[in-house]
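Report on one structure; see the data block that follows.
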Amino acid sequence: MFQPVYRLADHRIVKAEALLRWTHPTLGRVSPAEFIPVAERSGLITPIGTWVLNEACRAALAWPDLTISVNVSAVQLLQFEFRSTVQAALTGSGLPPARLELELTETAALYEDARTARALHELREMGVQISIDDFGSGYSNLMRLRTLPITGVKLDRSITADLTDPAAAQFAQALTQAVTGIARNLGANVTAEGIETPAHLNAVRALRCQLGQGYGLALPMGAAALTDRLQQQPAQPAETPQPGRLIH
């Protein structure tokens with residue numbers, strides 16, 4: 001499945017995140033929160049991750065103006081052959097490296113040893129984009145950001161939710177402002193996850209988040225549905241919409 005990521009200035013889809021879904025014949029829908037940890041412990045995350053990477057790169061060729069984002073686990077990143085796996089997916093699909101974004105969770109990116117930084121620098125040298133996912137869900141080490149070759153930061157959905165909670169808004173606003181300021185200095189963009197209401201959208205826009213993602217903007221969808229959604233966009237960027245407008 002693919003979930004669109006919108007540029008908040010003009011409500012255009014500029015990225016799509018590849019999401020893995022599993023419908024089991026007897027268990028029904030199994031959450032990624034359940035099967036991904038099992039895949040990591042069993043070693044199956046390697047073939048699964050390779051398949052997702054290849055499929056995402058292949059699908060992205062149909063969307064020439066989009067960056068495709070793929071989640072990568074710490075297990076995958078630290079494998080010796082991972083760089084070759086990424087290169088093979090790009091070469092096999094013909095996707096330019098700059099149109100592939102690898103997303104690594106905050107915990108994996110900021111709290112691993114020097115091997116993580118080395119692996120990320122090697123991938124960045126290939127031209128691939130690097131984004132820190134779920135940022136702010138743990139004890140965020142803002143200073144660590146400057147040592148990594150990141151091109152994007154995704155604010156955890158809990159921060160977006162807190163921005164409209166009177167009891168938590170002040171801290172959430174301060175954290176968002178700190179992250180957007182550091183990201184700007186690093187030449188990276190900031191994506192607000194978990195946008196579900198007009199209030200969420202207004203809040204993240206006011207704090208200068210460039211990109212947005214969430215069920216209030218678009219649900220995850222199949223490749224054909226995403227193609228249809230893209231074809232409905234105007235040829236040129238639309239005028240800046242009125243505050244609070246959501247896309248469905």
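Model, not experiment: these values are computed from the prediction. Every heavy atom of this structure was used, including side-chain atoms; hydrogens, water molecules and symmetry mates were not.
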Smallest heavy-atom separation, Thr23 atom then Arg29 atom, equals OG1-CG, 3.8 Å
Spatial distance of atom CG (Asp162) from atom CD (Gln170) [nearest 0.5 Å]: 12.5 Å
Does Trp63 offer a backbone N or O that forms a donor-acceptor pair with the side chain of Arg99 under 3.5 Å? yes
Test side-chain contact (heavy atoms from CB on, under 4.5 Å) on Leu77 and Leu102 and set out the steps. CA-CA 10 Å; Leu77 180 70; Leu102 300 180; over 6 Å; no
Test side-chain contact (heavy atoms from CB on, under 4.5 Å) applied to Trp51 and Asn54, step by step: CA-CA 5 Å; Trp51 180 84; Asn54 286 325; 5.9 Å; no
Without placing hydrogens or testing angles, list every side-chain donor-acceptor pair under 3.5 Å for residues 119-126, not counting sequence neighbours.
{"residue": "His121", "atom": "NE2", "partner": "Thr147", "partner atom": "O", "Å": "3.4"}
{"residue": "Arg124", "atom": "NH1", "partner": "Val128", "partner atom": "O", "Å": "3.0"}

No-hydrogen, no-angle side-chain donor-acceptor test under 3.5 Å, Glu193 and Thr160: no
Val190 side chain near Val204 side chain, heavy-atom distance below 4.5 Å: no
Reported CG-to-CD1 distance for the pair Asn189 and Ile150, which is rounded to 0.5 angstrom: 9.0 Å
Between Gln231 and Thr227, does any side-chain donor sit less than 3.5 Å from a side-chain acceptor? no
Same cluster (ILVMFWY, side-chain, under 4.5 Å), Tyr215 and Leu19: no
Are side-chain heavy atoms of Thr46 and Phe82 found at a separation under 4.5 Å? no
About how many Å separate CD1 of Ile48 and OG of Ser73, when rounded to the nearest 0.5 Å? 10.0 Å
Decide yes or no on side-chain contact (heavy atoms from CB on, under 4.5 Å) for Leu100 and Cys57, but give the supporting numbers first. CA-CA 7 Å; Leu100 173 62; Cys57 290; 4.2 Å; yes
Same apolar cluster: Leu44 and Val70, side chain cutoff 4.5 Å: yes
Side-chain (Arg7) to main-chain (Ile13) donor-acceptor, under 3.5 angstrom: no
Please evaluate residues Thr191 and Leu155 with respect to the criterion side-chain contact (heavy atoms from CB on, under 4.5 Å), reporting the C-alpha separation (whole Å), side-chain torsions for both, the decisive distance (0.1 Å), and the verdict. CA-CA 6 Å; Thr191 302; Leu155 290 174; over 6 Å; no
Walk me through it: do Lys154 and Glu17 pass the test salt bridge (charged side-chain N to carboxylate O under 4.0 Å, His left out)? CA-CA 12 Å; Lys154 298 185 77 173; Glu17 180 181 359; 3.1 Å; yes
I need the minimum non-hydrogen distance between Phe2 and Ala16, along with the two atoms involved. CB-CB, 4.4 Å
Under 4.5 Å between side-chain heavy atoms, counting indirect links through other Ile/Leu/Val/Met/Phe/Trp/Tyr residues: same cluster for Met1 and Leu66 or not? no
Can you give me the closest heavy-atom contact between Gln210 and Ala188, atom names plus distance? NE2-O, 4.0 Å
Do the side chains of Leu219 and Gln3 get nearer than 4.5 Å, heavy atoms only? no
CD1 (Ile159) and CZ (Arg157) are apart, to the nearest 0.5 Å, by 11.5 Å
So if you build clusters from Ile, Leu, Val, Met, Phe, Trp, Tyr with side-chain heavy-atom gaps below 4.5 Å, do Ile68 and Val5 land together? no
Does atom CZ (Arg208) have a neighbourhood of more than 12 heavy atoms from anything else shown, all under 6.0 Å? no
Can you see which heavy atom on Asn71 is nearest to which on Glu103, and at what distance? OD1-OE1, 3.3 Å
Hey, is CD on Glu81 packed in by over 12 heavy atoms from elsewhere, all under 6.0 Å? yes
Restricting to non-hydrogen atoms, name the atom on Lys15 and the atom on Ser69 that form the minimum distance, rounded to 0.1 Å. CD-OG, 4.2 Å
On a heavy-atom basis, which atom in His200 and which in Ala161 lie closest, and how many Å separate them? NE2-CA, 3.9 Å
Nearest 0.5 Å, please: how far is OH in Tyr6 from CZ in Arg12? 11.0 Å
What's the spacing between Gln173 CD and Phe171 CZ if we round to 0.5 Å? 12.0 Å
Single-linkage hydrophobic cluster, 4.5 Å side-chain cutoff, Leu211 and Leu175 together: no
